[in-house]
Amino acid sequence: MLLAVPDCFTSFRHNKPTTTTFLFQRGRRPSNSVNPTRTRRLELCKATLITNSDSFEVGRFVGSYGFMNITSYSGFQSGADTEYSPGDLGQLRVQDVGEGNVKISLYEGRVSQGPLRGTSVLFKVYPGQRAGGLEADMMAANELNAHTFLQSSSKGICQNLLILVGGFETKTGEQWLAFRNNGKYSAADYAKVMSERVSKNRALGEQMSWNQFEQELTIKRRRYFVLRLLQGAIRGLAFMHDQDRLHQSLGPSSVVLNTIVERDAAYLVPRLRDLAFSVDIGYSSLDEGRGTLSEGLWRRASAAGAFTPMEKRAFGIADDIYEAGLLFAYLAFVPFCEAGIVDSLSLQRLLESTFKLDVEATREYCLADDRLLDAVKFLDLGDGAGWELLQAMLNPDFRKRPIAEAVLNHRFMTSAIP
């Protein structure tokens, strides 16, 4: 069963029985009367969600995805005597990648009743315990509670986080979370489309070379779009950290975009989603103990020498920044390269295993490959400001990584794209 943040779901009454059960209200149907105490509580709750399944209409199936388990690598062993050629990059790929037990399904839909009637939503469906085990329920509950908490912030709603509208639970135990549909594309979709466009343009060869101005304008737009995307994602992360919440699952697929048209970059609003592994790093929560979904995080913290609540909190924030650094690297390379040249896993392998997070060495390696030249030039802007920021975010010492606000204020993030 999902667990709700207290008093945030009591304003919706069920007028009739349905074929589904509801979040937090399985069992006796509530009365249609609202007592004064409940009314006062509702006035204080900013994250009231729709929990009546009759208030939603489910549309077409969009797709599904799972969570990866990586058990081994293929490729090259790094060492002092190892040499690499530019052609090696595409071979540095992770092997034995399998999906975890929890598989998420996505459906389009809309709100059919109440003040939000007509609002387009995207349903994220967690399987019941029969199909996904207890882990599925924990992930759904964690995502629900994280969004509810963040949407109840005294600082208001953050435009760079996906908004949870409500949800319900079916008799088979499926957890349906309804999010405002602010875009069907992710940062991963954008990068894929752009890399395929690079491949298509380069395949034309000499037919494209006559229009040098158009090529330069395209690169300029792409740089600006990527910068706007990164700024929005980091703003969302900064808001979460300010509210004592970690994301812990940040990647290209967890950033939703309202457009992937580079000419419309001025209107781009990136939004973070996928908070199933979000962690509460308030000091009271850190004192209470570890949650099942955050065990890996705190094991890494202990291994890094973070033991006190203050040290653990700092490690958790730095861990999110590291993931944001990998997202930064992905967006700096994939949209500027031909399809299939580099992907998120091979890029991470290159940075972590081959060059041991030495970003300058990574740059020298990439500089030798003409296929990566546009990505290198992007990070070279501002006398190497992009590489400088990337190195800071991926610093092996978590204590030396910048906080999200510092990332936003870095000269690479605030620069005007030439």
query: Do you know the tightest heavy-atom contact between E323 and L250?
result: OE1-N, 3.1 Å

task: Is it possible for you to check whether R273 lies under 6.0 Å from the centre of the six-membered ring of F179, through NZ or CZ, and within 45° of that ring's axis?
output: no

Pairs touching residues 177-187 that satisfy salt bridge (charged side-chain N to carboxylate O under 4.0 Å, His left out), sequence neighbours left out: none

- prompt: For V193, what residues pass the side-chain contact (heavy atoms from CB on, under 4.5 Å) criterion, not counting sequence neighbours?
  reply: R197, I260

field: Separation of Q243 CD from S154 OG (nearest 0.5 Å)
entry: 6.5 Å

query: Do L389 and F328 come within less than 4.5 Å of each other through their side chains, counting heavy atoms only?
result: yes

field: Note, L122 side chain near N182 side chain (heavy atom, < 4.5 Å)
entry: no

Spatial distance of atom CZ (F168) from atom CD (Q175) [nearest 0.5 Å]: 10.5 Å

message: Does the plane of the ring in F412 sit parallel, tilted or perpendicular to the ring in F378? Use 30° and 60° as the thresholds.
response: perpendicular

query: Atom CD1 in I163, atom CD in Q151: separation rounded to 0.5 Å?
result: 4.5 Å

- line: Rounded to the nearest 0.5 angstrom, the CG-CE distance for L327 and M393 is 8.0 Å

field: side chain to side chain contact (heavy atoms under 4.5 Å, CB included) between R110 and T119, intermediate numbers included
entry: CA-CA 5 Å; R110 72 182 184 94; T119 299; over 6 Å; no

message: Under the salt bridge (Lys or Arg N to Asp or Glu O under 4.0 Å) test against E262, which residue among R222, R223, R221 passes?
response: R222

- prompt: Quick one: do E196 and K200 make a salt bridge, cutoff under 4.0 Å?
  reply: no

Pairs involving residues 372-388, ordered by first then second residue, that meet salt bridge (charged side-chain N to carboxylate O under 4.0 Å, His left out) (sequence neighbours left out): R202-D374, R363-D380, E388-R411

- prompt: Could you state the interatomic distance from OG (S112) to CG (D54), rounded to the nearest 0.5 Å?
  reply: 7.5 Å

message: Any non-hydrogen side-chain atom of E143 less than 4.5 Å from a side-chain atom of H147?
response: yes

- line: Scanning both residues in full, the closest heavy-atom pair of A375 with A332 reads CB-O, 3.1 Å

message: Tell me which one of L150, L164, L162 satisfies side chain to side chain contact (heavy atoms under 4.5 Å, CB included) with L275.
response: L150

query: Should the ring pair W176 and F123 be called parallel, tilted or perpendicular, given that the plane angle runs from 0 to 90° and is split at 30 and 60?
result: perpendicular

query: Can you tell if the side chain of L297 reaches within under 4.5 Å of the side chain of F315, non-hydrogen atoms only?
result: yes

- prompt: Is the OH atom of Y322 crowded by more than 12 outside heavy atoms at less than 6.0 Å?
  reply: yes

